[in-house]
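In what follows, a structure is listed as structure tokens, so that the remarks can point back to it.
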Amino acid sequence: MLMSTLSAERTSRMNRFNSTVPVEEYLADSNVLFYLSDAVTQLLEHKEEYTQFGVIRYFAEYFSSVKNSNHVLFREYNYIRATPHNRASFIRVFWRCYRQIGKSGDLLSMLEYRSLLQLLCPDFPAEIVQTAARIVLMDDAIDCLMSFSDFLYAFQLQFYYQEFLDSVLVIYQDLLSGKSPNTVIVPTSTSIEQLPSLAADENDKEEQQQDGVDPSTLAQCIDALCDRFKHSHPPRSSMREALGQTDKVSYYGFLMSLAKHETINQTVGALPSKAELLIDPEMDQELDKLIAQISVSPGSNSSGSAVGGLKEVQRKASPRRNIHHRRKMEVESDGSTEETDSSEN
């Protein structure tokens, strides 16, 4: 049994270096050049700091942080959205940092979730947060409060598949107005006559605005979009399943069904299932230790002792980060980044 396992692992390693896979294709799929370029850029920008630790150690820690998904913390938005791995890593960091919000049952507003995201990424755009809120609240009263789990899964869908969903929105709006979306998003030999006629009188248009569009027509358009789309998109089977649930489908209703779909969650690979979303025994154990430490401390009534105990737990729980991240954390003046750092673990 052991020999067969080792043989399988050896075969897997050999397949990764199989010459039948073009070099260009491998580099494009793995984004190796992107990370290498960023690593060199960071090294040159902070050369004096990094060289004292050694260039080899710097590169080892950089790529270790990429592998462990710790590399996106406190980075700029253009970086965290640059690759599918970065997006999934940021979703996971957001979940781990603020899991206690969901566990405590707190409901937060869209602006509060935006503030939490900007603690991890200072220039995170408001538009994505607003769209995630509309998914949860079905485009109605987006200033209402939302649970952490509802917002998290909607945010995962919107952030990870942003470009694809933007194209789907164009399709949906064209269908509502009676236009053929293929003339906009599928410039191929696929003829627009293949789609059902969408011409309607004013009464039909008003009804469409209220009830949505025909799901089978939307499914055909989305299927054509998937054939030509260069970025990541949700599994087609999941989208067909979501569109097959009603006679009329709205854009945000469609997205809400996708956000709740477990296959989408498994495809992204950043979050556990909803049943396990709030479970983190390691962090719970650290928090229990902190509470016990504060309760028995002679100076437990003072805020200073509590902060000291919190920092001690953070030092124990915090993973080893690359040098760039440690430098950023050291210059932070408030306690929010330190608390975020411990929550991630």
Side-chain angles (χ1 to χ4, degrees), residues 77 81 84 87 110 125-143 150-151 153-261 263-265 267-268:
Y77 177 70
R81 69 186 294 269
R87 297 189 188 199
M110 179 194 69
E127 292 77 11
I128 295 180
V129 188
Q130 292 170 351
T131 304
R134 288 191 177 99
I135 295 174
V136 176
L137 303 170
M138 300 297 288
D139 201 21
D140 182 32
I142 60 172
D143 57 340
D150 286 345
F151 178 82
Y153 286 111
F155 171 73
Q156 172 180 248
L157 178 73
Q158 177 61 30
F159 180 56
Y160 194 81
Y161 296 115
Q162 179 186 359
E163 294 83 2
F164 180 80
L165 297 182
D166 288 346
S167 297
V168 172
L169 179 58
V170 173
I171 292 174
Y172 178 81
Q173 292 172 338
D174 284 346
L175 291 178
L176 278 179
S177 62
K179 298 178 183 178
S180 172
N182 276 356
T183 60
V184 178
I185 56 100
V186 187
T188 67
S189 58
T190 303
S191 63
I192 61 176
E193 288 78 14
Q194 290 177 318
L195 294 177
S197 175
L198 297 172
D201 57 26
E202 293 301 323
N203 292 333
D204 291 337
K205 289 182 180 180
E206 290 180 3
E207 182 179 350
Q208 282 183 324
Q209 291 287 349
Q210 295 175 358
D211 300 332
V213 302
D214 176 57
S216 62
T217 304
L218 181 58
Q220 292 179 42
C221 296
I222 289 178
D223 199 50
L225 174 63
C226 292
D227 291 337
R228 300 295 175 181
F229 205 69
K230 297 180 180 180
H231 299 276
S232 300
H233 61 76
R236 300 191 192 203
S237 58
S238 301
M239 292 189 286
R240 294 192 189 104
E241 184 177 336
L243 289 171
Q245 296 176 356
T246 59
D247 295 332
K248 289 283 186 178
V249 61
S250 68
Y251 175 72
Y252 288 106
F254 171 53
L255 264 56
M256 187 59 179
S257 297
L258 285 181
K260 294 180 177 179
H261 205 292
T263 301
I264 300 292
N265 193 45
T267 302
V268 176

Nearest 0.5 Å, please: how far is CD in Q220 from CD1 in I171? 11.5 Å

Validation row: F155, I128 side chains within 4.5 angstrom (heavy atoms): yes

Distance from I222 atom CD1 to H233 atom NE2, nearest 0.5 Å? 11.0 Å

Is any side-chain heavy atom of Y172 less than 4.5 Å from a side-chain heavy atom of S250? yes

Are I264 and P235 side-chain neighbours, meaning at least one heavy-atom pair lies under 4.5 Å? yes

List for me each residue that meets side chain to side chain donor-acceptor pair (under 3.5 Å) alongside Q156, sequence neighbours excluded, and say none if there are none. N265

Quick one: pull up NZ in K260 and OH in Y153 and give me the separation to the nearest 0.5 Å. 12.0 Å

Sequence neighbours excluded, the answer for side-chain contact (heavy atoms from CB on, under 4.5 Å) partners of Q173 is L169

So which heavy atom on T267 is nearest to which on Y161, and how close? CG2-OH, 3.6 Å

Residue pair Y251 / V213, side-chain heavy-atom distance below 4.5 Å: no

Taking side chain as C-beta onward, heavy atoms only, is M110 less than 4.5 Å from R134? no

Run the side chain to side chain contact (heavy atoms under 4.5 Å, CB included) test on F151 and V129 for me, step by step, so that the C-alpha distance in whole Å, both residues' side-chain angles and the decisive distance to 0.1 Å come before the verdict. CA-CA 9 Å; F151 178 82; V129 188; 3.9 Å; yes

Any side-chain heavy-atom pair from Q158 and L255 closer than 4.5 angstrom? yes

S232: what forms a side chain to side chain donor-acceptor pair (under 3.5 Å) with it, not counting sequence neighbours? none

Which heavy atom in L157 sits nearest to a heavy atom in L165, and how many Å separate them? O-CD1, 3.7 Å

Backbone of F159 reached by a side-chain donor or acceptor of R87 within 3.5 Å: yes

Ring pair (Phe, Tyr, Trp, His ring centres under 6.0 Å) against Y160, all qualifying residues, sequence neighbours excluded: none

How long is the span from the CG atom in D247 to the CG atom in D214, to the nearest 0.5 Å? 8.5 Å

Side chain to side chain contact (heavy atoms under 4.5 Å, CB included) between E163 and R81, worked out: CA-CA 11 Å; E163 294 83 2; R81 69 186 294 269; 3.0 Å; yes

For F229, all residues meeting ring pair (Phe, Tyr, Trp, His ring centres under 6.0 Å), sequence neighbours excluded: F164, H231

Cut-off 3.5 Å, no hydrogens considered: what does the side-chain donor-acceptor table look like for residues 236-243, sequence neighbours left out?
{"from": "R236", "atom 1": "NH1", "to": "D223", "atom 2": "OD1", "distance (Å)": "2.7"}
{"from": "R236", "atom 1": "NH1", "to": "D227", "atom 2": "OD1", "distance (Å)": "3.1"}
{"from": "R236", "atom 1": "NH2", "to": "D227", "atom 2": "OD1", "distance (Å)": "2.7"}
{"from": "R240", "atom 1": "NH2", "to": "D223", "atom 2": "OD1", "distance (Å)": "3.3"}
{"from": "E241", "atom 1": "OE1", "to": "H261", "atom 2": "NE2", "distance (Å)": "3.2"}

